[in-house]
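Worksheet: one structure, shown below.
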Amino acid sequence: MDTMRERFAAVVSRLLDDDPRLAVVLAEIGKDGFTDAARAHPDRVINVGIREQLLVGVGGGLALAGMRPILHTFASFLIERPFEQVKLDFGHQGAGGVLVSAAGSYDWPAGGYTHMAPGDVALLDTLDGWTVHVPGHPDEAETLLRDAAAAGDDSVYVRLSAHSNSAPRDIVPGRFLTVRGGRRGVVIAVGPMLDGVLNAVAGLDVTVLYATTVRPFDAPAVRTAIGEVGDVVLVEPYLSGTSTAAVNDALADRPHRVLGLGIPRRELRRYGTIDEHLAGQGLDPASLRARISAFLR
């Protein structure tokens, strides 16, 4: 199976052939995936080098000129490092584009904390009007990337990951998918957390919702799943609690409790694998089962 990043390069390269409004802006990272596209469209595949603030500035300028820019690098270099440019060159200017990240919260542990961004979605949450997609499989990444590229002049963030579920789901951009039903509570699994969540809640009488678009937050799906009263567990692959406010807003008129599980603020200063980091953060299936079961009791 290809990775989400490999699918991203292949899909966007084809989209460049079909849509003259699209342009790709890179900051060295990921350039090898666009070698053929750069030959075919040298004016619409732009590599600015290791200059992430310029990456975003060029993307904002292309958007103001009527193009649909697609920007790509690691999440820490796309959202955190050039955040002022994201805020001003897109948000303040009223410009739209597609920001596509890689490396996520800890996809490359050996790269160290400079290449990790567990706070990216929470940081982007301080801005208005961004759509945020978090696919859990390369097929879902393709669906969401195509949707983002065609989204007029909207601002869209697509968070790709090396962490992937074993199989794709029949997702609809902007909507949560009900994977299974239950009566004791609702567990919302975001993107690549779905397999671990399903393993963790095996045998528990809970509804599982699958979220691959987290902004806008699908409040109607949560309200339908919880009924008039109940508990919600939110399992996100980034900073814990990022979407608890969205759940509370969705259920403001109903008695409920919310448990937000994700990456804690405590930093793990060791290398390892993705699975080891999941266990270290309490997001492996065994830890999730213990935390979810204790909350629902």
Side-chain angles (χ1 to χ4, degrees), residues 4-13 15-16 19 21-105 107-108 111-127 129-134 141 144-145 148-149 151 153-162 238:
M4 292 191 202
R5 288 187 73 197
E6 289 169 341
R7 186 70 64 89
F8 158 68
V11 168
V12 173
S13 292
L15 290 174
L16 285 168
D19 189 347
R21 188 169 174 249
L22 294 180
V24 174
V25 189
L26 306 167
E28 203 65 26
I29 291 171
K31 66 177 183 179
D32 291 346
F34 289 94
T35 300
D36 293 339
R39 290 196 193 100
H41 309 286
D43 57 335
R44 291 192 288 126
V45 178
I46 304 164
N47 181 12
V48 302
I50 307 174
R51 300 174 180 87
E52 287 82 10
Q53 288 90 340
L54 179 61
L55 167 77
V56 178
V58 167
L62 289 169
L64 290 174
M67 303 292 287
R68 181 69 170 159
I70 300 175
L71 285 57
H72 175 64
T73 186
F74 286 177
S76 55
F77 306 149
L78 185 63
I79 302 298
E80 294 181 336
R81 181 173 294 174
F83 182 68
E84 183 180 12
Q85 282 70 38
V86 175
K87 179 178 74 173
L88 298 179
D89 295 352
F90 281 95
H92 183 62
Q93 297 290 343
V98 184
L99 276 56
V100 182
S101 73
S105 295
D107 281 12
W108 185 34
Y113 208 58
T114 56
H115 290 69
M116 300 179 185
D120 57 342
V121 176
L123 185 58
L124 204 57
D125 247 356
T126 64
L127 304 180
W130 281 83
T131 294
V132 179
H133 296 312
V134 188
L144 296 169
L145 285 163
D153 294 313
D154 290 353
S155 294
V156 184
Y157 178 46
V158 184
R159 192 183 203 260
L160 305 182
S161 179
Y238 34 77

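In this text, all values refer to a predicted model and were calculated from it rather than measured experimentally.
Defined by atom type and a distance below 3.5 Å, a donor-acceptor pair is present between the side-chain atoms of Arg159 and Ser105.
Remark: Leu71 CG to Ile46 CD1 distance equals 9.5 Å, nearest 0.5 Å. Between atom CG of residue Leu123 and atom OH of residue Tyr157 there is a gap of 9.5 Å, rounded to the nearest 0.5 Å. Annotation: the span from Tyr238 atom OH to Ser161 atom OG amounts to 11.5 Å, rounded to 0.5 Å. Atom CG of Leu160 and atom CZ of Arg5 lie 8.5 Å apart (nearest 0.5 Å). In this structure, CE on Met116 lies 9.5 Å from OG on Ser76, to the nearest 0.5 angstrom. The CG atom of Leu26 sits 10.0 Å away from the CD1 atom of Ile70 when rounded to the nearest 0.5 Å.
A pairwise comparison of heavy atoms in Pro82 and Gln53 identifies CB-CA, 3.9 Å as the closest pair. Nearest heavy-atom pair, Gly59 versus Phe90, reported as atom, atom and distance to 0.1 Å: C-CZ, 3.6 Å. Nearest heavy-atom pair across Ala149 and Leu15 is CB-CD1, 3.9 Å. In plain terms, the two heavy atoms of Asp107 and Ala162 that are nearest each other are OD2-N, 2.5 Å. Residues Ser13 and Gly33 share a closest heavy-atom pair of OG-O, 4.0 Å. Heavy atoms only, all atoms of each residue included: Gly96 and Ala63 are closest at O-CB, 3.2 Å.
Applying the side-chain contact (heavy atoms from CB on, under 4.5 Å) test between Thr73 and each of Ile29, Val56, Val25 identifies Ile29 as the sole match.
For Arg44 (side chain) and His41 (main-chain N/O), no donor-acceptor pair under 3.5 Å exists by modelled atom type. Within the 3.5 Å criterion, the main-chain N or O of Trp130 finds no donor-acceptor partner in the side chain of Ser155.
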Q. Taking it one step at a time, do Glu28 and Lys31 satisfy side-chain contact (heavy atoms from CB on, under 4.5 Å)?
A. CA-CA 6 Å; Glu28 203 65 26; Lys31 66 177 183 179; 2.5 Å; yes
Q. Yes or no on salt bridge (Lys or Arg N to Asp or Glu O under 4.0 Å) for Glu84 and Lys87, after CA distance, side-chain angles and deciding distance?
A. CA-CA 5 Å; Glu84 183 180 12; Lys87 179 178 74 173; over 6 Å; no
(Q) Evaluate Phe34 against Val12 for side-chain contact (heavy atoms from CB on, under 4.5 Å), listing each step before the verdict. (A) CA-CA 9 Å; Phe34 289 94; Val12 173; 3.9 Å; yes
Q) Does the pair Gln85 and Glu52 meet the rule for a side-chain contact (heavy atoms from CB on, under 4.5 Å), with working shown? A) CA-CA 9 Å; Gln85 282 70 38; Glu52 287 82 10; over 6 Å; no
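Side-chain contact between Leu78 and Asp120: absent, with no pair of heavy atoms (C-beta onward) separated by less than 4.5 Å. The shortest side-chain heavy-atom distance between Leu64 and Gln93 falls under the 4.5 Å cut-off. Residues Phe77 and His115 meet the side-chain proximity criterion, which asks for heavy atoms closer than 4.5 Å. Side-chain contact between Val86 and Leu124 is present, with heavy atoms from C-beta onward closer than 4.5 Å.
More than 12 heavy atoms of other residues, nucleotides or ligands shown are found within 6.0 angstrom of CG on Leu88.
Using the six-membered ring where Trp is involved, Phe8 and His72 have ring planes that are tilted, between 30° and 60° apart.
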